[in-house]
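Note that the structure is a prediction, hence the values are computed from the model and not measured.
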Amino acid sequence: MMHICTERTDLDELIGNQYWSGQHLCFHYGPLALAMKGGEELILEQCEALSPFMLAKVNFLLRDLFIDDTAEMIRPQEGFRLTLRRSEAIENREQKARAV
């Protein structure tokens, strides 16, 4: 599973959030929660857009994730992995800058 990060990516986007469906309050799981539950790899593309504080929050949640909205404890299933991937355009620009 892959998720493209931006400067605005927050925990609600990665974990999930509540929404109204008619008169019912539902929960939409985000990619981090789905990958943990399903034992899948989650690739966060363009991770350089995330602040160091946001990366620290994500790292803290990798052991156990409690979702207040559903009162659910999610423990990573076997096979779960989180991969941070930087944008190639950013890497190429940084390599050119170092070469100068």
Taken to the nearest 0.5 Å, the spacing of I74 CD1 from M36 CE works out to 6.5 Å

Examine distances only and state if a side-chain atom of S21 and a backbone atom of H24 form a donor-acceptor pair shorter than 3.5 Å. no

I'd like to check L34 versus M1 (side-chain heavy atoms, cut-off strictly below 4.5 Å). Are they in contact? yes

To the nearest 0.5 Å, atom CD1 of I15 lies from atom NZ of K57 at 9.0 Å

Set of ring-ring contact (aromatic ring centres under 6.0 Å, His included) partners for F66, sequence neighbours left out: none

State, to 0.1 Å, how close L14 and M54 come at their nearest heavy-atom pair, and which atoms those are. CD1-CE, 3.7 Å

Residues which pass ring-ring contact (aromatic ring centres under 6.0 Å, His included) with Y29, listed by chain and number, not counting sequence neighbours: F27

Can you name the salt bridge (charged side-chain N to carboxylate O under 4.0 Å, His left out) partners of R75, sequence neighbours left out? D64

Looking at CD of Q18 and CD1 of I67, how far apart are the two atoms once the value is rounded to the nearest 0.5 Å? 10.0 Å

Please list, chain by chain and in numerical order, all residues satisfying side chain to side chain contact (heavy atoms under 4.5 Å, CB included) with D10, sequence neighbours excluded. D12, E13

So the salt bridge (Lys or Arg N to Asp or Glu O under 4.0 Å) pairs with at least one residue in residues 21-42 (sequence neighbours excluded) are K37-E72, E41-R81

For W20 and Q23 the tightest heavy-atom approach is CZ3-O, 3.5 Å

Check for a donor-acceptor pair, side chain of E48 on one end and backbone N or O of S87 on the other, with a separation under 3.5 Å. yes

What pair of heavy atoms forms the shortest contact from L32 to F80, and how long is it? CD1-CZ, 4.0 Å

Would you mind listing the cluster partners of I43? Hydrophobic ones only (ILVMFWY), side-chain contacts under 4.5 Å, chaining allowed. M2

With rounding to the nearest 0.5 angstrom, report the CG to CG distance, L62 to N59. 5.5 Å

Mind checking the CG-CG spacing from L61 to L11? Nearest 0.5 Å is all I need. 6.0 Å

With sequence neighbours left out, what residues match L84 under side chain to side chain contact (heavy atoms under 4.5 Å, CB included)? L44, C47, L55, L82

List in chain and number order the residues that pass side chain to side chain contact (heavy atoms under 4.5 Å, CB included) with I4, two or more places apart in sequence or in another chain; answer none if no residue qualifies. E45, Q46

Greater than 12 external heavy atoms within 6.0 Å of Y19's OH: yes

